[in-house]
Amino acid sequence: MPELPEVETIKSELLPRLVGRQFSQVIILDAKVVRHPSVSQFCQKLAGQRIGNLKRRGKYLLFYLSGAEVLIIHLMMAGALLLNPKQTERYTRAIFQFDDGSQIVFTDRRRLGALWLAENEAIVVGKLGPEPLASDFTAQVLKKWLQGRQAPIKALLLDQSFIAGIGNMYADEALLTAQIHPLKKANNISSKEVKSLHHAIQGVLRSAVGNKGASIDAYIRPGGELGTAHFSFRVAHRGGKPCPICGSTIQRTSLRNRGSYFCPNCQKLS
DNA sequence: CTTGGGACCTGGCTGC
DNA sequence: TGCAGCCAGGTCCCAA
């Protein structure tokens, strides 16, 4: 499931292949994926535009175009962007064709991914909090934000309006590294733990970017390769298996209808 | 404003 | 073998 490291990998691998390319034709096979504007407007306006730059913001991909608009893509859980796939892909929702004959195929098994052509990118990504790997995300910022909050720490880590890019898998990994129980109330977390958590978030995300993302479920890179970050997971999706730190059995609990994996020995609630 | 729950979506898996 | 039901989870929407 694409979170920050997965989207960052996709961006890095598409960037050198797409900058300077001009859209020749855009084909929408599932109208549901286009959020704004209408499907016909979306296709019409994109055709002829050249890609100037490609960036990631949180879990969103932003294509800066020669015109005034920005193409924004969110892959949600099961979306993928495939560069010149050799065979016809199942679950193809959209095809972007370029002037040099290359194409990007947007596939999405669960039909939850989304495309926007936005006049103002802030309408889509304006509410996102800081990038967790950027210099403005400090332990102080994290501490201040957690103060007085009653919600479980993991719920807050998943709030994109505070930190942009952390999802279920990397929240679990960071909380194990910092030895904090996912259900611990944010205002019960000590200053020392906040520092540890801040360090863990950055470490876990940097490591996963280096491993080109985690191929749990549907994540696949533009060239068809998988990421390897999941081989380094210590708790995420490892219910019933031994904790690599202490050997205790990793447990699964439910938070906001999401699976949360944790080590009952390393991550104590009280 | 904060918090929590459900909806969206569908393939894959488990268990009866 | 067939099928019901759970699981996966990012984001939006709504209610308390």
Side-chain angles (χ1 to χ4, degrees), chain A residues 1-11 29-36 56-62 72-81 89-94 106-116 118 121-129 131-132 144-175 182-189 205 208 213-220 226-227 229-230 233 235-241 250-262:
Chain A
M1 301 116 201
E3 301 180 25
L4 185 153
E6 289 73 31
V7 181
E8 180 65 24
T9 301
I10 292 167
K11 186 216 75 180
L29 297 156
D30 180 0
K32 187 181 180 294
V33 303
V34 179
R35 297 290 174 86
H36 180 86
R56 177 193 58 74
R57 181 77 177 92
K59 301 169 193 169
Y60 294 80
L61 279 168
L62 294 92
I72 304 177
I73 300 181
H74 197 301
L75 299 171
M76 293 295 276
M77 284 86 68
L81 293 173
E89 294 292 326
R90 282 180 81 184
Y91 316 119
T92 296
R93 310 297 174 192
F106 172 58
T107 67
D108 186 4
R109 205 177 60 191
R110 290 185 210 162
R111 301 181 71 208
L112 289 168
L115 312 173
W116 295 260
E121 68 181 71
I123 290 167
V124 181
V125 299
K127 287 180 182 170
L128 295 177
E131 288 289 326
K144 196 173 176 188
W145 189 68
L146 298 181
Q147 268 169 6
R149 302 292 293 263
Q150 300 289 319
I153 179 63
K154 187 177 170 189
L156 299 182
L157 291 182
L158 296 175
D159 182 345
Q160 303 299 300
S161 68
F162 176 59
I163 315 173
I166 298 175
N168 204 38
M169 300 183 300
Y170 296 109
D172 281 355
E173 288 298 310
L175 287 167
L183 299 183
K184 188 163 183 170
K185 286 187 179 184
N187 62 350
N188 289 341
I189 290 174
L205 292 176
S215 283
I216 296 273
D217 201 9
Y219 169 66
I220 186 169
L226 300 179
H230 53 295
F233 280 179
V235 274
H237 293 270
R238 296 193 67 248
K241 293 178 180 160
I250 290 166
Q251 294 186 6
R252 179 186 182 278
T253 186
S254 196
L255 170 83
R256 303 276 208 279
N257 284 326
R258 301 288 172 266
S260 267
Y261 298 92
F262 67 101

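To find a chain, count down the sequence lines: A is the first, B the second, and so on, and within it residues start at 1. In this text the structure is predicted, and so the values were computed from the model without any measurement.
- Contacts between residues 148-159 of chain A and DNA chain C, defined by a heavy-atom separation under 4.0 Å, are absent.
- Comparing A:Arg252 and A:His74 by the nucleotide of DNA chain C that holds the closest heavy atom to each, the one mapping nearer the 5' end is A:Arg252.
- To the nearest angstrom, P of B:dC1 lies 20 Å from CG of A:Asn187.
- Taking atom CG on A:Leu61 and atom P on C:dG10, their separation rounds to 15 Å, with Å as the unit.
- Regarding A:Leu128, its CG atom lies at a distance of 12 Å from the C1' atom of C:dG10, rounded to whole Å.
- No more than 12 heavy-atom neighbours from other residues, nucleotides or ligands sit within 6.0 angstrom of NZ on A:Lys185.
- Between A:Tyr219 and the options A:Thr9, A:Leu226, A:Leu75, a side-chain contact (heavy atoms from CB on, under 4.5 Å) holds for only A:Thr9.
- Among the nucleotides B:dC9, C:dT11, C:dG9, the one closest to any side-chain atom of A:Lys32 is B:dC9.
- Electrostatic pairing of A:Arg109 and A:Asp217 counts as a salt bridge here, judged by a charged N lying under 4.0 Å from a carboxylate O.
- With C:dG9, C:dA8, B:dG11 as the candidates, the nucleotide lying closest to the side chain of A:Leu112 is C:dG9.
- Using the six-membered ring where Trp is involved, A:Tyr170 and A:Phe233 have ring planes that are perpendicular, over 60° apart on the 30 and 60° scheme.
- A:Met77 has its CE atom 11 Å from the C1' atom of B:dA7, to the nearest Å.
- Dashed line: the shortest gap from a side-chain N or O of A:Lys59 to OP1 or OP2 of C:dG9 is not under 4.0 Å.
- At a threshold of 4.0 angstrom between heavy atoms, the contacts of A:Tyr261 are confined to the sugar-phosphate backbone, with no base atom among them.
- Look at A:Gln160 and you won't find any side-chain N or O under 4.0 angstrom from OP1 or OP2 of C:dG10.
- In this structure the side chain of A:Leu175 reaches within 4.5 angstrom of the side chain of A:Leu157, judged on heavy atoms.
- Residue-to-nucleotide contacts include no donor-acceptor pair under 3.5 Å from the side chain of A:Arg111 to the base of C:dT11.
- The listed nucleotides are C:dG10, B:dG6, B:dC9; the one nearest the side chain of A:Arg110 is B:dC9.
- Within the 4.0 angstrom heavy-atom criterion, base atoms lie near A:Met76.
- Within a 6.0 Å radius of NZ in A:Lys144, other residues, nucleotides and ligands contribute 12 heavy atoms or fewer.
- A:Asn257 has its CG atom 9 Å from the P atom of B:dA7, to the nearest Å.
- Among the heavy atoms of the strands lying under 4.0 Å from A:Arg109 are primed sugar atoms or P, OP1, OP2 only; no base atom is included.
- With rounding to whole Å, A:Met1 atom CE is found 13 Å from B:dT10 atom C1'.
- A:Glu3 places a side-chain N or O within 3.5 Å of a backbone atom of A:Met169 that can act as its donor or acceptor partner.
- Side-chain N or O atoms of A:Arg93 include none that pairs as donor or acceptor with a backbone N or O of A:Gly113 at under 3.5 Å.
- Among the heavy atoms of the strands lying under 4.0 Å from A:Asn168 are primed sugar atoms or P, OP1, OP2 only; no base atom is included.
- Rounded to whole angstrom, the span from the CG atom of A:Leu255 across to the P atom of C:dG9 amounts to 12 Å.
- Per the geometry, CG belonging to A:Asp108 stands 13 Å off C1' belonging to C:dA8, to the nearest Å.
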